[in-house]
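First comes the structure, then the notes that go with it.
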Amino acid sequence: MSATLSSPSSAFLRILTERGFIHQASDLAGIDAAAREGRLTTYVGYDCTAPSLHIGHLLSIMMLHWLQETGAGRPIVLMGGGTTRVGDPSGRDETRKMLTVEQIEENKNSIKEVFSRFIRFGESGHLAAMADNAEWLTKLNYIDMLREIGRHFSVNRMLSMDSVRLRLERDQELSFIEFNYMILQAYDFTELHRRYGVVLQMGGSDQWGNIVTGIDLGRRLGTGQLYALTCPLMTTASGAKMGKTASGAVWLKGEMFSPYDYWQFWRNTEDADVGRFLKLFTTLPMERIAELERLQGAEINEAKKVLATEATALLHGREAAESAAETAQKTFEQGVTADTLPSVEVPREDIETGIGIAPAFVRAGLAASNGEVIRAIANGAISVNDARVTDRSRIVAASDLKDGVVKLSFGKKKHVLLRAV
RNA sequence: GGGGGAAUGUCCCGAGCGGCAAAGGGGGCGGACUGUAAAUCCGCUGGCUAUGCCUUCGUAGGUUCGAGUCCUACUUCCCCCA
């Protein structure tokens with residue numbers, strides 16, 4: 001743990017500090033000076049393990065956002081097209097399942113677009129650039145690599161790194177391929193220094209070891225001083241890992257997690273987290289956040305709505321955010337059916353024929369199986385047009401249509417409109 | 001190389017005399033209470049054309065009316081001896 005710089009002179013570090021982004025840094029004074037001079041070219045790497053990033057990645061994206069916003073330096077987004085083929089062992093007990101090269105490429109293309117929401121890309125100045133480490137890592141020759149890079153790594157030291165040590169201590173398998181991950185990431189750092197003049201690597205706290213390894217390699221290869229800065233691992237006040245919901249992760253890609261659901265996710269933040277999240281996940285001025293933090297009791301709901309709308313606006317745009325806010329207001333506060341609720345289209349003739357209650361919920365995506373719906377009915381969780389269903393043989397029919405839609409609800413929070421077309 | 005132990009409900013941990021859709025817990029979901037929060041209490045947490053049928057206990061065979069449970073081989077992991 002490094003001491004926090006009592007009074008950073010760069011806008012970049014000042015903002016990161018007061019908003020709670022900083023977990024560890026290698027040399028705050030050095031970072032501060034480079035930021036002040038606008039030469040803090042910085043990269044964050046993202047592995048392509050899924051078709052979308054999720055909110056766990058948001059912290060580091062926000063840091064790149066502030067880097068650009070404050071003119072501290074140029075953001076470099078590194079796609080891990082190469083490293084994903086190897087698999088990072090950091091912070092996990094088990095080896096990831098190997099992805100095919102095709103899957104990685106698909107994921108990479110699917111992930112890319114989200115960054116332009118938070119940072120501006122371009123050729124010059126502080127406009128961001130995107131790189132892909134497949135470009136250089138896949139061309140490495142094993143023997144040359146060992147001679148030029150491998151000789152700078154001490155296995156003794158590598159064994160002491162958390163990502164490796166924790167695995168070994170728990171008697172968990174660590175394959176040779178994973179053991180190499182940190183070497184590749186370290187090499188990336190030096191390569192990005194060579195290509196773009198990158199001097200800082202940021203990432204989650206679990207990346208500390210990998211980043212510092214890169215700094216060491218840089219010193220031996222003569223890159224000059226490189227820096228590390230990590231953000232905390234996001235957990236909720238009650239200690240749960242953030243971003244897990246019923247359906248899985250909170251994805252940043254709209255097709256996988258709708259703007260409405262995204263708004264709802266933030267709306268349901270625990271009281272104790274609201275202030276912290278406003279600082280991290282919105283760009284509202286600190287004075288405004290301080291105001292919101294003063295709200296007590298049920299008034300905190302107002303702060304949660306601001307959080308939800310601002311966070312959603314950053315990712316999906318102001319319009320989508322306000323539409324989500326409005327839909328929520330109609331649904332939860334006025335108790336009317338908002339026609340902007342998520343909807344699923346169903347052929348009109350199917351509804352005229354009649355659809356069983358269970359299949360209807362499965363088609364709406366509210367349940368995974370008929371059995372789940374039957375059990376939910378027994379739990380009193382199922383409603384059609386806001387009327388609780390108690391009979392499992394209930395049929396959703398044309399008589400349920402209001403303005404061409406039927407409102408299906410699973411519990412009080414999950415609603416989907418079945419739209420006859 | 002020799003000896004011993006382990007793999008359980010496709011989220012995780014874990015009990016399981018030959019009759020088991022399989023104890024318990026965590027997590028998740030739902031209900032109540034609230035404020036679309038937390039905490040607490042209660043319920044649910046294999047699938048289906050559903051008083052029945054089908055698929056599940058590392059893999060493949062075998063014994064048996066019947067196997068998660070017994071036998072054999074294989075795979076993977078752990079421990080001890082060399």
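All values below come from the heavy atoms of this structure, side chains included, with hydrogens, waters and symmetry mates left out.
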Need the pair for [N]. Rule: Watson-Crick or G-U wobble, both distances under 3.5 Å, any strand; none if unpaired.
| N | result |
| --- | --- |
| B:C70 | B:G62 |
| B:U76 | B:A6 |
| B:G1 | B:C81 |
| B:C44 | B:G28 |
| B:A21 | none |
| B:A39 | none |

What distance, rounded to whole Å, do you find between the two [atom1] atoms, one in [N] and one in [M]?
| N | M | atom1 | answer |
| --- | --- | --- | --- |
| B:G1 | B:G62 | P | 30 Å |
| B:G58 | B:U64 | C1' | 23 Å |
| B:A39 | B:A7 | P | 34 Å |
| B:U10 | B:U56 | C1' | 10 Å |
| B:G68 | B:C57 | P | 8 Å |
| B:U72 | B:U63 | C1' | 11 Å |
| B:G3 | B:A21 | C1' | 38 Å |
| B:U40 | B:G25 | P | 15 Å |

Which of these nucleotides, B:U36, B:A37, B:G30, is closest to any side-chain atom of A:F410? B:G30
Measure from the side-chain heavy atoms of A:A328 and tell me the nearest of B:C29, B:U36, B:G31. B:U36
Measure the distance from [atom1] on [X] to [atom2] on [N] and round it to the nearest whole Å.
| X | N | atom1 | atom2 | answer |
| --- | --- | --- | --- | --- |
| A:F265 | B:A37 | CZ | P | 14 Å |
| A:R392 | B:U49 | CZ | P | 12 Å |
| A:I374 | B:C48 | CD1 | C1' | 11 Å |
| A:Y260 | B:U36 | OH | P | 13 Å |
| A:N268 | B:A38 | CG | P | 8 Å |
| A:N301 | B:A38 | CG | P | 11 Å |
| A:D261 | B:U36 | CG | C1' | 13 Å |
| A:R388 | B:G31 | CZ | P | 7 Å |

Need to verify one output field. Residue with the more 5' nearest nucleotide on RNA chain B, A:E372 or A:I300? A:I300
When the nearest nucleotide of RNA chain B is assigned to A:T269 and to A:G380 on a heavy-atom basis, which residue is associated with the more 5' position? A:G380
Output field: ring centroids A:F115/A:Y46 closer than 6.0 Å: yes
How about A:F281 and A:W266: are their ring centres within less than 6.0 Å of each other? yes
Pick one for B:C20: is it syn, with its angle within 90° of 0, or anti? syn
Is it the case that the side chains of A:H415 and A:S409 hold a donor-acceptor pair, with the cut-off being a distance below 3.5 Å and no angle test? yes
Counting just side-chain N and O atoms, does [X] come under 4.0 Å of either OP1 or OP2 of [N]?
| X | N | value |
| --- | --- | --- |
| A:K413 | B:A37 | yes |
| A:N370 | B:A50 | no |
| A:S369 | B:G47 | yes |
| A:R375 | B:A50 | no |
| A:K412 | B:A32 | yes |

With A:D47, which of A:N133, A:N107, A:T84 fulfils side-chain hydrogen bond (donor to acceptor under 3.5 Å, both in side chains)? A:T84
With a non-hydrogen cut-off below 4.0 angstrom, is A:R267 in contact with a base, only sugar-phosphate, or nothing? base
For A:Q264, answer base if it contacts any base atom (sugar-phosphate contacts may also be present), sugar-phosphate if it contacts only those atoms, and nothing otherwise; contact means non-hydrogen atoms under 4.0 Å. base
Other residues, nucleotides and ligands only: do more than 12 of their heavy atoms fall within 6.0 Å of CZ on A:R392? no
Is it the case that over 12 heavy atoms from other parts of the model lie below 6.0 angstrom from the CG atom of A:D403? no
Identify the residue among A:E287, A:E18, A:E293 that makes a salt bridge (Lys or Arg N to Asp or Glu O under 4.0 Å) with A:K279. A:E293
Evaluate the criterion side chain to side chain contact (heavy atoms under 4.5 Å, CB included) for residue pair A:V416 and A:K407; output intermediate values, then yes/no. CA-CA 6 Å; A:V416 168; A:K407 181 182 182 186; over 6 Å; no
